[in-house]
Amino acid sequence: MASLNVYFVLVVLFLTCGAVKATKENDQIIKENSCETKMGLPCVLEAFTSIFNTGSISNKCCGELVVLGKVYHSALVKRTLENPLFKDLNPATIIAKSIQAWNNCLALIDSPSSSA
């Protein structure tokens, strides 16, 4: 349970522009598209956990992620990696997991069985 609380705090930091030092480019993408308000916190937590730890993203949350778009998804992952809290993570591994999560969600949303 403590682990879940830690992830919740990290997700809140992830969503708070002032709490994370972002490159101007990533921050601008996120602000211009009002991205922080387009995905519910439970789905942000699922996506965050699947990329920065272990887990999977539900069909519902995959739908929300795909609606956000790949540019936003990539910008948030890159911005999070710039946070000193994540300095011990391997960026290449996180980027690979991010791409895998995106591709899995895209395939799930695009599959004919997902609309049934």
Peer 1: Is the backbone of Ile94 close enough, under 3.5 Å, to the side chain of Ser98 for a donor and an acceptor to pair up by distance?
Peer 2: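 It does not hold such a pair.
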Peer 1: How many angstroms lie between CD1 in Ile99 and OG in Ser74, if you round to the nearest 0.5 Å?
Peer 2: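 One gets 7.0 Å once the value is rounded to the nearest 0.5 Å.
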Peer 1: List the steps and the verdict of side chain to side chain contact (heavy atoms under 4.5 Å, CB included) for Leu76 and Arg79.
Peer 2: CA-CA 5 Å; Leu76 275 181; Arg79 183 172 79 172; 3.4 Å; yes
Peer 1: Could you tell me whether the side chain of Lys78 and the main chain of Ile95 form a donor-acceptor pair under 3.5 Å?
Peer 2: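 Flag not set: sc Lys78 to bb Ile95 has no pair under 3.5 Å.
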Peer 1: Relative to each other, are the rings of Phe52 and Phe86 parallel, tilted or perpendicular (30° and 60° limits)?
Peer 2: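 The rings of Phe52 and Phe86 sit tilted, inter-plane angle from 30° to 60°.
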Peer 1: Out of curiosity, Ser50 OG to Lys97 NZ, how far, rounded to the nearest 0.5 Å?
Peer 2: 7.5 Å
Peer 1: Considering all heavy atoms of both residues, which atom of Ala101 and which atom of Ile57 are nearest to each other, and what is their separation?
Peer 2: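 So the minimum-distance heavy-atom pair works out to CB-CD1, 4.0 Å.
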Peer 1: Got a second to check how far Lys87's NZ is from Leu81's CG, nearest 0.5 Å?
Peer 2: 14.0 Å
Peer 1: Rounded to the nearest 0.5 Å, what separates atom SG in Cys43 from atom CG in Leu65?
Peer 2: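 So the SG of Cys43 and the CG of Leu65 are separated by 9.0 Å.
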Peer 1: Hey, are the side chains of Ile51 and Val77 touching, using non-hydrogen atoms and a 4.5 Å cut-off?
Peer 2: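 Of all side-chain heavy-atom pairs linking Val77 with Ile51, at least one is under 4.5 Å.
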Peer 1: Got a donor-acceptor contact below 3.5 angstrom from the Glu46 side chain to the Ser58 backbone?
Peer 2: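 Yes, Glu46 side chain to Ser58 backbone: donor-acceptor pair under 3.5 Å.
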Peer 1: Take the SG atom of Cys105, take the SG atom of Cys61, and say whether they are under 2.5 Å apart.
Peer 2: no
Peer 1: Give, for atom CD1 of Ile109 and atom CG of Asn59, the distance between the pair rounded to the nearest 0.5 Å.
Peer 2: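 Here the interatomic distance stands at 6.5 Å.
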Peer 1: Do the non-hydrogen side-chain atoms of Thr80 and Phe48 ever get within less than 4.5 Å of each other?
Peer 2: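 Of all side-chain heavy-atom pairs linking Phe48 with Thr80, at least one is under 4.5 Å.
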